[in-house]
Structures are given as C-alpha cells and as structure tokens.
12 protein chains.
Amino acid sequence: MSAHTYKLIELVGSSPLSIEDAVQNALAEAALSEKNLRWLEIVETRAHLEEGKIAHWQVTVKIGATIGN
Amino acid sequence: MSAHTYKLIELVGSSPLSIEDAVQNALAEAALSEKNLRWLEIVETRAHLEEGKIAHWQVTVKIGATIGN
Amino acid sequence: MSAHTYKLIELVGSSPLSIEDAVQNALAEAALSEKNLRWLEIVETRAHLEEGKIAHWQVTVKIGATIGN
Amino acid sequence: MSAHTYKLIELVGSSPLSIEDAVQNALAEAALSEKNLRWLEIVETRAHLEEGKIAHWQVTVKIGATIGN
Amino acid sequence: MSAHTYKLIELVGSSPLSIEDAVQNALAEAALSEKNLRWLEIVETRAHLEEGKIAHWQVTVKIGATIGN
Amino acid sequence: MSAHTYKLIELVGSSPLSIEDAVQNALAEAALSEKNLRWLEIVETRAHLEEGKIAHWQVTVKIGATIGN
Amino acid sequence: MSAHTYKLIELVGSSPLSIEDAVQNALAEAALSEKNLRWLEIVETRAHLEEGKIAHWQVTVKIGATIGN
Amino acid sequence: MSAHTYKLIELVGSSPLSIEDAVQNALAEAALSEKNLRWLEIVETRAHLEEGKIAHWQVTVKIGATIGN
Amino acid sequence: MSAHTYKLIELVGSSPLSIEDAVQNALAEAALSEKNLRWLEIVETRAHLEEGKIAHWQVTVKIGATIGN
Amino acid sequence: MSAHTYKLIELVGSSPLSIEDAVQNALAEAALSEKNLRWLEIVETRAHLEEGKIAHWQVTVKIGATIGN
Amino acid sequence: MSAHTYKLIELVGSSPLSIEDAVQNALAEAALSEKNLRWLEIVETRAHLEEGKIAHWQVTVKIGATIGN
Amino acid sequence: MSAHTYKLIELVGSSPLSIEDAVQNALAEAALSEKNLRWLEIVETRAHLEEGKIAHWQVTVKIGATIGN
C-alpha cells in the first residue's frame with residue numbers, strides 16, 4: 001500500500017461452490033460501486049444448510065479501497 | 001439468508017428506555033436510507049450517565065442488508 | 001458454585017419481545033432435557049429483521065448444568 | 001468527554017428483573033462512593049439459575065468517573 | 001432463522017482434499033444423529049502435516065440445529 | 001490427530017488441590033459417558049473463595065473425542 | 001455523546017511522520033464527505049517499510065458521525 | 001452468587017513455586033484490605049526468568065468481592 | 001518485576017497534543033494517590049473530535065503498582 | 001503430538017489459485033529450512049486485489065515443528 | 001525490562017507431570033540456543049489424552065530474550 | 001505485497017522518546033539480520049515507569065520480511 005487514504009467496506013458474499021467463490025461474488029458486487037479496490041480480509045466464514053448439506057457458503061470480508069485520487 | 005450479497009453497516013443507537021429501544025432507534029434510522037434490512041448483531045453496549053443515573057443507552061449494532069436485487 | 005463437575009451447553013433462544021425473553025425461551029428448552037441448570041452467560045445477541053423492524057431477537061447462551069450427583 | 005482524566009471501576013450488579021435493572025443496581029452502588037460518574041460499558045452478562053429459571057441477572061460493567069476537579 | 005430454539009454443537013472434520021471437504025465431512029457425521037441442521041460457522045482451521053506436506057485439513061465448526069418442533 | 005471426525009464437549013471441573021487436579025476431575029467425568037477422548041484445551045480458570053482462601057479451583061476445558069469408528 | 005444516532009465508518013490513514021499524523025490524514029479525508037464527526041478509535045497500527053525504514057505509518061480508525069439532525 | 005453487587009479488583013501475584021501459589025499470594029494481599037472475597041479468575045500467566053530458569057511466576061487475577069452488606 | 005504483589009488500576013488520560021502526552025497525563029494523576037508505579041499498558045486509543053479535527057486524544061491505560069512493602 | 005518440544009514459526013504464503021494453495025506454498029518454503037513439520041493453523045486470510053479481482057491470496061499460518069531429536 | 005530490544009520466540013513444551021513442568025521443558029530447550037532469556041507468557045494450555053487420562057500437558061509459551069548486547 | 005512468501009518475526013523495541021521511536025529501534029535491530037523487511041504491525045504498547053514517570057516505551061511489533069528470492 002502506498003501513501004493514500006483507504007476506506008474499508010464490509011460485505012457478505014454467497015456461493016454454493018466454495019469459500020473462494022463466495023469471496024469473489026462479494027468482490028464483484030463491490031466493484032460495481034467502488035473503484036480502486038486494493039485488498040480484502042476474511043472476517044467470518046459461515047454456511048447455510050439445507051437437507052443436511054451446504055446450500056451456500058456465506059463469507060464476510062472487509063475490502064480496502066483507495067479514496068481521493 | 002439466501003444466496004445474495006449483503007453489506008454490513010455499523011450504527012450506534014440511543015435511548016433513555018432500554019437496550020432494545022436503542023437498537024430499534026438505530027434500525028429506524030437505517031431504514032430511512034437502506035432497503036432490505038435482514039439481520040443485526042449487537043457489538044457493544046454502553047450508557048451515558050448524568051447525575052449518577054443512566055441518561056441514555058448507546059448500543060452499537062452491525063446491520064446486514066441485501067444488495068443487488 | 002460448589003465442588004461439582006458441570007457441563008456447558010450452547011443454545012440460541014428467540015423472542016419477538018426482548019433479549020431477556022429470548023434467553024428465557026432458550027432456558028425453558030434446556031430445562032426439558034437437563035436437570036440442575038445452574039448459570040448461563042450471553043455469548044452473542046442478534047436479531048432477525050422483517051420490513052425494517054425486529055421480527056425476533058436471537059440470543060446465544062452458554063448454560064452450565066451440574067453433572068454426576 | 002472533555003479533557004479530563006477518568007478512572008475505570010469494574011462492578012457486577014444483580015437483579016431478578018432485567019439486564020438494565022442489574023446495571024442500574026451496580027450504578028447505584030458506585031454512586032455511593034464515587035462522584036462524577038460519566039459513562040459505562042457492559043462487559044459480561046450472566047444469570048444465576050434456580051429451579052430451571054432465572055433467579056437474577058448478573059451484569060459486569062466498567063464505569064468511567066472523572067478524577068481531579 | 002425463524003422463531004425457534006437452536007442448539008450449537010462443535011465438531012472437527014478432516015479431509016486430505018480441502019477446507020470445504022473437511023467441513024462437509026463434519027456435517028455428514030452431524031447429520032447421522034441430528035435432524036434439522038440449519039447453519040454452521042468455521043471456528044478454527046488447522047492441518048496435520050506428514051513429510052512436510054498436508055496430510056489432512058482439520059476444520060472446527062459450530063453447527064446450529066433446530067430443537068423442539 | 002488422524003483423519004477422523006471429532007466432537008468437542010465443554011466441561012467445568014473442580015478441585016481444592018490444583019488446576020491440574022480440577023482438569024483431571026472433569027476428564028474423569030467425561031470418560032464415564034464418552035469413549036476415545038483424545039485431547040483437551042483449558043478455556044478458563046477460576047476459583048471459588050471462602051474465608052479469603054481458595055475453596056476450590058474451577059477450570060473450564062474443551063475435550064475432543066473421536067466419533068464414528 | 002447526546003441522544004442521537006451515529007454511524008461508524010472505517011478508514012486507513014497514512015503518513016511518513018507519526019501515528020497521530022496518519023490519523024489526522026484519515027480524518028481530513030472523512031471531513032470532505034461527512035459532517036458532524038464526533039469521535040474516533042484506533043483499530044490497528046501498521047507501517048509500510050522500504051530499505052529497512054518506515055516509509056509511512058498506516059493507521060486504521062473507526063470514526064463516529066452524527067446522522068439525522 | 002446471590003443478589004448482591006460485587007466489585008472486581010485486578011492484582012498480579014508472584015511466587016517461585018507454582019501458578020497456584022502466585023494466585024494465593026495475590027489473594028492473601030487482597031484479604032488484607034477487602035472483606036467478603038467471593039471468586040477469582042486468572043487473566044494472564046507470565047514468568048520472570050533468571051539464568052534461563054523461572055525465578056518467579058507472575059499471575060494476573062480478577063477478584064470479585066461483595067460490596068454493601 | 002521482582003517477587004511482589006502488584007495492583008492494576010485503569011485510567012483514561014486526555015491531551016490535545018499526542019497519544020504519549022495523554023498517557024503521561026493519566027500517569028501524573030495516578031502518581032498523586034499511588035506510590036511505586038511500575039509499568040503501564042495501553043488498552044484503547046480514542047479521540048474526541050470537534051469541527052472535524054482532533055480536540056483531544058483519550059488513551060486508556062492499565063497501570064501496575066507495587067503493593068505491600 | 002507426543003512428548004516433545006515444538007517451535008512455532010509464522011509465515012505468509014501466496015497463491016493466485018486458492019487458500020489451500022497459498023498454505024501449501026508457505027509450507028514448501030518452511031520445509032526448505034525446517035525438518036519435522038508437524039501441524040499448522042491458519043491465523044489470517046487476506047487477498048491482494050488488482051483490477052477489481054483477486055490477484056493472489058495471502059494466508060498467514062503458524063507451523064509447529066519438533067525441535068531436539 | 002531495561003532499554004533493550006527483545007525478540008519473542010514461541011514454543012510448545014510437554015510434560016506428563018504439570019503445566020509448570022511443561023513450561024520448564026520448553027524453557028530448557030530455548031536455553032540451548034538463546035542467551036539472555038528474560039520473561040515468558042503462557043499462550044495456550046492443552047493436554048494429549050490416552051486411555052481417558054492425561055498423557056502429557058502441552059503448553060504454548062512466548063519467551064522474550066534480549067538481543068544485541 | 002506481491003506473490004512471495006513472507007516470514008513474521010516478533011520484537012519488542014524500547015525508547016525513552018515516543019512510541020514511534022521504540023518501533024524504529026526494533027526495526028533497526030531487525031535490519032541487522034534480515035533483508036527485505038516489508039511491513040510491520042504494532043501488537044502491544046507498554047511503558048516501564050520510574051519515579052512515577054515513563055522511563056521508556058516498550059512496543060511489541062510483528063515484522064514481515066520476504067523469504068526466498
């Protein structure tokens with residue numbers, strides 16, 4: 001990270017496939033409204049269950065984005 | 001929670017009455033600008049004191065809201 | 001607590017009314033299968049939201065119960 | 001909070017009624033020996049159980065009080 | 001989650017393949033004795049090593065299941 | 001730990017003698033109902049006091065046991 | 001804090017000079033888009049290194065701002 | 001614990017012998033100025049080293065004492 | 001630290017200048033009533049804001065002081 | 001784990017592919033200088049982002065290795 | 001601690017006898033390769049179980065050692 | 001951070017002047033034995049007291065350094 005100011009946004013992404021895919025879905029949503037996404041950190045990993053199986057992973061991430069220019 | 005992406009916003013609600021009422025005041029404020037509020041979690045519970053009594057409760061909550069459609 | 005062994009069980013109780021009522025609902029369920037409940041601790045306090053309001057509180061508790069005799 | 005020094009004291013208040021009432025009982029005790037109580041934070045919420053019911057709530061709080069004058 | 005009481009059970013699942021597969025193995029074991037599994041949360045992720053490689057992942061999960069009916 | 005599924009149970013053991021003895025008392029109780037106990041971790045160490053002295057240590061442990069076969 | 005609702009925003013400020021200066025840079029950025037900033041808390045303090053020296057401090061802060069009016 | 005208010009005091013006890021003895025030394029000091037000590041919890045366990053050996057254990061405890069009457 | 005018993009007191013010091021100065025103000029207040037202050041640890045660093053700037057830093061410290069003689 | 005002494009080393013592994021692959025890259029690096037690697041634990045999971053996508057996962061692990069013989 | 005720089009190393013010591021003895025075994029191993037060991041802190045206390053009994057305690061410690069001269 | 005493996009080392013730096021200076025002293029020591037230092041994080045901030053004043057700050061940092069090439 002260089003000498004900028006960043007903001008942190010917190011999202012929960014979902015996917016039936018994997019933890020990584022749930023993170024990528026959160027990231028895709030963030031990219032619609034924020035430019036200059038720089039890093040993320042996984043905060044919590046949960047899954048919603050149906051019929052005794054994983055219906056989808058739900059992964060909470062904090063994403064850092066450059067603000068200013 | 002179904003297979004959506006959610007964002008988390010963090011608010012502090014106040015009330016002279018109770019912890020629950022402070023949370024509901026935070027929620028009422030969130031509902032003015034966000035649709036599709038889905039769940040919340042209490043993060044911290046404090047109170048402001050005056051004359052040795054509780055003047056108002058101050059409760060920090062994280063609120064999850066569906067984004068996208 | 002006197003010189004016994006205790007087990008800890010973890011439950012989530014729900015109530016539309018208050019945090020205390022959600023705890024009491026968890027406790028009532030525990031009392032159906034466990035005797036000698038002795039203390040509890042609140043671990044997490046969440047709420048499920050509908051139409052921008054609290055539909056019910058969901059409170060996670062650890063309950064300590066005497067085992068042996 | 002203005003530019004003073006504060007001390008933090010930690011108490012456990014009890015009440016058969018509610019979490020808020022247990023906090024107020026701790027606060028009433030603190031007010032007997034400390035002036036200038038300014039804020040508090042809930043640190044832990046437990047309950048003592050009897051006959052499978054809540055006999056009293058036991059809430060640990062940190063209370064901030066102005067020192068000096 | 002609707003207005004039920006849930007219990008939380010804590011398991012460690014193992015797999016040589018992936019973190020997700022270790023979670024699914026824990027879940028399959030839970031499904032043998034518990035009905036109505038609803039959600040899980042990953043608590044800890046470890047791996048057992050042999051010959052400098054990952055022999056199997058060991059993932060601790062808390063699983064929430066509806067109790068009562 | 002080999003490639004099994006484990007469950008975690010949480011107990012509080014007591015002893016007037018030492019922390020280690022309180023853990024062993026919890027373990028002895030666990031061994032009455034669970035086979036294949038494999039490891040434990042101390043979660044919390046408290047003591048009950050009487051007349052200004054330690055009446056008994058109260059140690060909370062999580063114990064891991066193999067499930068399945 | 002009086003009886004308002006507050007929102008919390010999380011920023012990372014940078015400075016080659018000091019921890020305090022990094023916080024003030026984050027605050028200056030926040031003041032461009034938010035009115036009524038009331039308090040902040042340092043969440044994490046890191047530094048980016050170049051040539052074995054501190055190139056700039058990177059300090060994560062949560063900032064509380066009054067919402068509503 | 002019955003329906004009283006308690007205060008928590010935090011001490012560090014030392015002993016060359018054992019963790020338990022360090023706790024008892026802290027407790028003996030507390031008993032000089034406080035009546036009605038009821039429970040304690042170990043918060044941190046450290047040791048001071050000399051010549052590569054443990055010179056004394058240093059154990060931080062929180063002690064709960066009944067206030068009022 | 002040598003083989004004594006210590007007590008821990010928790011204070012919040014304030015300063016418009018810097019984090020270090022807020023700590024020193026807390027320490028100066030502690031020195032008025034306690035002898036034999038030995039070490040401190042920063043527990044929390046906050047700031048009160050006015051007009052979008054830092055009005056004063058508010059730093060919570062735990063201070064260890066020898067008791068007995 | 002049998003009756004040995006272990007040391008813990010902390011590494012950050014990277015991979016564009018998955019969390020598991022980042023862990024395995026950290027492990028491969030550790031195996032170059034350490035014999036007798038026995039277990040690891042994931043401490044933190046982050047990702048570096050470029051063009052709004054995950055450029056590589058960065059996973060911090062603690063690895064336990066037998067020392068002595 | 002005087003005005004030096006220290007490094008922290010993290011070890012797991014084992015013993016069938018007690019928590020203190022497991023710490024001393026970790027310390028003896030550290031003393032073989034490091035001079036000037038100054039303090040330690042217990043980070044985690046686990047035990048390996050065999051036949052429903054404690055086969056050996058496994059205690060994780062952070063040890064501080066002076067570097068430089 | 002680019003796609004490398006990093007190791008984390010943990011040091012305590014001291015200084016009578018400021019928190020930042022204590023960090024820089026730890027960093028200067030690390031630079032004597034490690035190349036390619038990339039980032040650091042403050043883990044704990046303490047101070048040693050003499051005569052009721054700060055004799056020196058003691059700041060624990062984790063420093064990340066590229067390994068391999």
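By convention in this document, chain letters (A, B, ...) are assigned in the order of the sequence lines, proteins followed by strands, and residues within each chain are numbered from 1.
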Counting distance alone, with no hydrogens or angles, which donor-acceptor pairs between chain H and chain F are under 3.5 Å?
| residue | atom | partner | partner atom | Å |
| --- | --- | --- | --- | --- |
| H:E20 | OE2 | F:I19 | N | 2.7 |
| H:R38 | O | F:L49 | N | 2.9 |
| H:L40 | N | F:A47 | O | 2.9 |
| H:L40 | O | F:A47 | N | 2.8 |
| H:I42 | N | F:T45 | O | 2.9 |

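- Taken from CD1 in F:I54 to CG in H:L27, the straight-line distance is 5.5 Å, to the nearest 0.5 Å.
- In terms of heavy-atom pairs under 4.5 Å with chain F, the best-connected choice from H:I42, H:V61, H:L40 is H:L40.
- Under the rule for a side chain to side chain contact (heavy atoms under 4.5 Å, CB included), the partners of H:A31 that lie at least two apart in sequence or sit in another chain are H:L37.
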